[in-house]
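We use all heavy atoms of the structure for the numbers below, so side chains are in, but hydrogens, waters and symmetry mates are not. Just so it is clear: chains get the letters A, B, ... in the order the sequence lines come, proteins before strands, and each one is counted from 1.
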2 protein chains.
Amino acid sequence: MLTDRQLLILQVIINDFIHSAQPVGSRSLSKKEEISFSSATIRNEMSDLEELGFIEKTHTSSGRIPSDKGYRYYVDHLLSPQKLDQQDVYKVKSIFAERIYELEKIVQNSARILSELTNYTAIALGPAVRDNKLKKIQIVPINKQTAVAIIVTDSGYVQNRMFQLPETMDLGELEKLANILNDRLAGSSIESLNDKIYKEVALLLRQHINNYDFILHSIADTLLIPSHEKLFFGGKTNMLSQPEFHDFEKIKSLMTMIEQEDSIYELIRKNQSGINIKIGRENNNTAMENCSLITATYSIGTEQLGSISILGPTRMEYSRVISLLDYISRDLTSVLTKLYQGN
Amino acid sequence: MLTDRQLLILQVIINDFIHSAQPVGSRSLSKKEEISFSSATIRNEMSDLEELGFIEKTHTSSGRIPSDKGYRYYVDHLLSPQKLDQQDVYKVKSIFAERIYELEKIVQNSARILSELTNYTAIALGPAVRDNKLKKIQIVPINKQTAVAIIVTDSGYVQNRMFQLPETMDLGELEKLANILNDRLAGSSIESLNDKIYKEVALLLRQHINNYDFILHSIADTLLIPSHEKLFFGGKTNMLSQPEFHDFEKIKSLMTMIEQEDSIYELIRKNQSGINIKIGRENNNTAMENCSLITATYSIGTEQLGSISILGPTRMEYSRVISLLDYISRDLTSVLTKLYQGN
DNA sequence: ATTAGCACTCGCTATTAAAGAGTGCTAACA
DNA sequence: TGTTAGCACTCTTTAATAGCGAGTGCTAAT
């Protein structure tokens, strides 16, 4: 177990490094207010902390920098929650200031504001529609060969897709089709639509619609939900300003990863409700070796909807970021719950 | 006027520099097959070309690199169109291989493929809906306080917006509202909707709908088209691999600009049909000082819809990029015309 | 008009030296 | 026995220097 003095030193090293991005030496530590013992003592303690894996040297005679393990300990045991100042609170509130009623826009705004407040990169995972219930399906013919199918869910999410019409299909039949679909599917979860179409609706269609097999697939396709929810970003280029990324290989692999939605999705997918923190290599992604990812989830009522994350260097301001994410995700949850729970 | 020999030298310098990214010296030029005179002669010619502003030195005793003016001359007078090889053609055709009927998806695919083929950044400006005609407006109530308004245009474009309902409004009235809007507005250009609502529909609404003033704004807002069409990107990070951007200030200002849709839109907005080329400072944007932008427009029939662009270093493979853009934009136009002209 | 030759410039690389920050160890101290 | 002063040593950073090579511009010869 670590002694109080070791904890103090670890904490001061991390706090210093978070702000300076420079290895911290014993002499500069001994000059700090909080620390009342000599640099020699500190050197001994640092040597022990290094042996335990909490800090590292960049070369034999350099100061120390925190290791992933060091940050992990810091985050788990040493972090004092930081109160947001008035300015931050104002800015957060501005997310909801405009009269916006669309979930997606609110989430997107959150990402933008979050990145502006932190100067890191913000990633928001859009609200899941999987569990939404189908409100309405509409089919709007565009011309003789094509039509647009539109589905609306009970949270106001709209999805649309164009598809080809069979040659023989007329307007009346199209209307009949829409009616059948609505009768049968309204109220079902979006996730189950595809299944239900083939199992329950196919039969009905065969009875009432010509060319039903041609149109069945098109409709079923249209109702497929995307493989993952939308991602929204804020401050994608902020990492270019972080000194640890003044290295072309690093910045390139990071930026390239950020552009690939799949890998980002992989990173932020599995999160329990509340705050989740992944430090450096804990992310299992070489491009993220020097990054930490902090994620908070938001919900409507008890139903978990999506998440907002901050991607920053491992040397990030954990305390501030956690406070911000916590605050915003709570706000988001309460505003969305108020707006959409009254279905 | 330039002599034939000067033209030859300019051309060889540019071709060389495009591939090597290194200043070109007289001795290395004299070794080329195409060139049959001595390095001393070349030095004299280069001196003249420099005086005329077509090439520059990076320092007193360096080789020469093309100037913006040099590239401009090259593009206007020396460029020989390059025929696409079979592999490129295959890849381009793959844009249309999937059965996709949505304009936006096709355009998005084009940007992706284009960036993969060139290793530069591709930017596609989505189809303009301004001149589309309104096909249908639908209003779907979500709960007591909110509803979604959905508009569909004659090209199958769908736009939706949530809005608040006045407390007193019931379903019947909502339906009446939708009917009025459709009666009055179907067939009008999207651009004119907002105007017409206030001028023609407001009166009708007042007669038939309670709380009409409350809902008028919401509806009008919903029908506002976005200030500019959607932008699609491909290969956003490709510029990180270009040697001219191995400089942190440069890459940062470029990437930051790419993230700001407004400035990108400003760059590619005004283009005549066909191929447009902006070299370096011609773009009037400091972040673009070392970049060229080549844009091709696509249309449906004769109506210009949008554009696809390549953003690369001024030292880009103009010939290849132009051929690709020309080819893709023609394909795009013909496929889209076939798909959507039959309204 | 063209070219060979040469002096000169500049950037790049390697080497060296000196300064500075920091460590680890030892021995003295409270 | 825990703490600290002192010191030798390591490593990075910076600056200065020198030599090399690629390239130019000019001059004089062809």
Side-chain angles (χ1 to χ4, degrees), chain A residues 1-10 12-17 19-67 70 243-244 246-247, chain B residues 1-10 12-17 19-32 34-67 70 243-244 246-248:
Chain A
M1 209 52 265
L2 295 181
T3 66
D4 281 358
R5 196 164 67 187
Q6 285 175 325
L7 291 185
L8 174 63
I9 290 176
L10 179 57
V12 176
I13 289 176
I14 295 183
N15 281 334
D16 189 287
F17 187 68
H19 294 106
S20 72
Q22 296 296 328
V24 188
S26 58
R27 216 178 111 71
S28 74
L29 274 183
S30 72
K31 283 192 204 135
K32 306 232 173 206
E33 273 189 6
E34 311 91 300
I35 286 180
S36 50
F37 21 92
S38 76
S39 63
T41 310
I42 296 172
R43 277 201 291 282
N44 291 330
E45 298 286 26
M46 293 214 293
S47 181
D48 292 349
L49 281 171
E50 182 171 15
E51 208 164 327
L52 292 167
F54 292 106
I55 54 181
E56 312 172 330
K57 283 190 277 200
T58 59
H59 58 85
T60 28
S61 73
S62 77
R64 304 302 210 293
I65 62 173
S67 65
E244 32 271 272
H246 272 231
D247 168 312
Chain B
M1 206 53 269
L2 294 181
T3 66
D4 281 358
R5 196 166 63 187
Q6 286 174 322
L7 291 185
L8 175 62
I9 290 177
L10 180 57
V12 176
I13 289 176
I14 294 182
N15 281 334
D16 190 287
F17 186 69
H19 295 108
S20 71
Q22 297 296 328
V24 187
S26 59
R27 216 177 110 69
S28 74
L29 274 183
S30 73
K31 284 191 203 137
K32 304 232 172 205
E34 310 93 298
I35 286 181
S36 51
F37 22 90
S38 76
S39 64
T41 311
I42 295 172
R43 278 201 291 283
N44 292 330
E45 296 287 24
M46 294 213 294
S47 181
D48 292 350
L49 282 171
E50 182 172 14
E51 207 164 329
L52 293 166
F54 292 106
I55 53 181
E56 314 171 327
K57 283 190 276 199
T58 58
H59 57 87
T60 27
S61 73
S62 78
R64 304 302 210 291
I65 61 173
S67 65
E244 32 271 271
H246 272 232
D247 169 311
F248 263 85

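- Applying the ring-ring contact (aromatic ring centres under 6.0 Å, His included) test to residues at least two apart or on different chains, the pairs with a partner in residues 20-54 of chain A are A:Phe54-A:Tyr73.
- When rounded to the nearest whole Å, the span between CZ of A:Phe37 and C1' of D:dA5 equals 17 Å.
- Under the salt bridge (Lys or Arg N to Asp or Glu O under 4.0 Å) criterion, A:Lys32 pairs with A:Asp16, not counting sequence neighbours.
- Considering all non-hydrogen atoms of both residues, A:Ile14 and A:Pro66 come closest at CG1-CG, 3.7 Å.
- D:dT4 atom C1' lies 16 Å from atom CG of A:Leu29, rounded to whole Å.
- Here D:dT3 presents its C1' atom at 11 Å from CD of A:Glu45, a figure rounded to the nearest Å.
- Between the NE2 atom of A:His59 and the P atom of D:dT10 there is a distance of 14 Å, given to the nearest Å.
- Between A:Arg64 and A:Val24, the closest side-chain pair of non-hydrogen atoms is not below 4.5 Å.
- Within the 3.5 Å criterion, the main-chain N or O of B:Gly53 finds a donor-acceptor partner in the side chain of B:Ser67.
- Note: CD1 (B:Ile42) to P (C:dA1) measures 18 Å, nearest angstrom.
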Checklist entry - Just by protein heavy atoms under 4.0 Å, how would nucleotides 21-30 of chain D read 5' to 3' in B, S and -? => result -BBBB-----

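- For D:dT3, neither phosphate oxygen OP1 nor OP2 lies less than 4.0 angstrom from any side-chain nitrogen or oxygen of A:Ser38.
- Protein atom CG of A:Asp4 is 16 Å distant from nucleotide atom P of D:dG2, rounded to whole Å.
- Closest of all the heavy-atom pairs between B:Glu45 and B:Ile9 is CB-CD1, 3.5 Å.
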